[in-house]
Amino acid sequence: MAKKSKRRGRPPGAKSPDKMDIGQLRQYIDRLEGLLKKKVGDQRAFLEGKLSELSGFASAKAARMLGALGGAERTPKKGTRRKAEPKYRSRKDPKILWSGRGVTPIWMREEMKGTKLRKDDFLINKP
């Protein structure tokens, strides 16, 4: 004997929302909102339980990591970095300097263009 398949959709005798009057629609919406609140509450309780389990695991793992790094006596750095010292100077205008960080400046590219000059030729000689 073949197994009966489950029926999908609305249960027998249920009206579609298109055919309900305002009072029936209000009851239908209230019932759906109650069901939604219940499901959200159940899901929240489940996830909060999982989170509390994980937070215990995470805090233990963090404590191990801090112990391994010796993080108890470390303090974060404060302030900003010092401005980088210039390493290169323009040959045409000695007031123009470059630290060597970032993209090669336009003035250096223009001075090197068409000549045999290289970046090393612009180095500042410090005693």
Side-chain angles (χ1 to χ4, degrees):
M1 187 165 162
K3 190 175 184 180
K4 264 190 166 179
S5 63
K6 288 187 176 182
R7 290 186 55 148
R8 294 187 177 185
R10 290 185 302 279
K15 290 184 179 178
S16 88
D18 295 339
K19 298 177 182 175
M20 292 182 185
D21 64 359
I22 293 175
Q24 291 173 327
L25 274 174
R26 176 50 50 202
Q27 289 176 348
Y28 182 66
I29 290 170
D30 291 341
R31 192 171 68 237
L32 287 176
E33 285 177 345
L35 183 63
L36 181 63
K37 283 180 185 176
K38 180 183 177 299
K39 287 190 177 196
V40 167
D42 292 345
Q43 190 70 15
R44 174 172 279 166
F46 173 76
L47 291 174
E48 285 175 350
K50 287 291 187 185
L51 187 60
S52 66
E53 291 173 16
L54 288 175
S55 66
F57 171 74
S59 62
K61 187 174 181 181
R64 286 194 307 267
M65 290 295 290
L66 285 176
L69 295 175
E73 63 273 354
R74 286 190 179 198
T75 58
K77 290 185 179 181
K78 295 180 181 174
T80 58
R81 281 188 175 183
R82 189 173 88 174
K83 187 174 179 182
E85 292 291 322
K87 290 173 64 178
Y88 301 96
R89 174 174 287 151
S90 170
R91 290 185 157 209
K92 290 182 181 175
D93 185 3
K95 294 178 184 175
I96 301 175
L97 303 171
W98 179 49
S99 66
R101 294 183 180 174
V103 180
T104 307
I106 294 171
W107 61 264
M108 185 181 280
R109 283 185 271 161
E110 287 176 353
E111 288 183 33
M112 290 189 302
K113 191 184 292 182
T115 63
K116 292 184 179 181
L117 292 174
R118 296 175 311 180
K119 206 185 268 190
D120 296 339
D121 296 324
F122 296 93
L123 278 172
I124 298 173
N125 296 330
K126 293 207 176 182

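This one's a predicted model, so the numbers in the text were calculated from it and none came from an experiment.
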Give a yes or no on this: more than 12 heavy atoms of other residues, nucleotides or ligands lie within 6.0 Å of atom [atom1] of [X].
X: I22; atom1: CD1; result: no
X: R44; atom1: CZ; result: no
X: L47; atom1: CG; result: yes

I would like to know whether E85 and I124 meet side chain to side chain contact (heavy atoms under 4.5 Å, CB included); could you show each step before the answer? CA-CA 11 Å; E85 292 291 322; I124 298 173; over 6 Å; no
Can you hop from [X] to [Y] via hydrophobic side chains spaced under 4.5 Å?
X: L25; Y: L32; value: yes
X: M20; Y: I29; value: no
X: Y88; Y: M112; value: yes

To the nearest 0.5 Å, what is the distance between NZ on K113 and CE on M108?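 So the gap between those two atoms works out to 14.5 Å.
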Looking at NZ of K87 and CG of D120, how far apart are the two atoms once the value is rounded to the nearest 0.5 Å?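 If we round to the nearest 0.5 Å, K87:NZ and D120:CG are 9.5 Å apart.
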Do V40 and Q43 make a side-chain contact, defined as non-hydrogen atoms from C-beta onward lying under 4.5 Å apart? no
Do the non-hydrogen side-chain atoms of L36 and E33 ever get within less than 4.5 Å of each other?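 No, their side chains stay 4.5 Å or more apart.
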Candidate pair W98 and W107, rule side chain to side chain contact (heavy atoms under 4.5 Å, CB included), full reasoning: CA-CA 10 Å; W98 179 49; W107 61 264; 3.8 Å; yes
I'd like to know if the side chain of Q24 reaches the main chain of D21, judged simply by a donor and an acceptor atom lying under 3.5 Å from each other, with no hydrogens or angles considered. yes
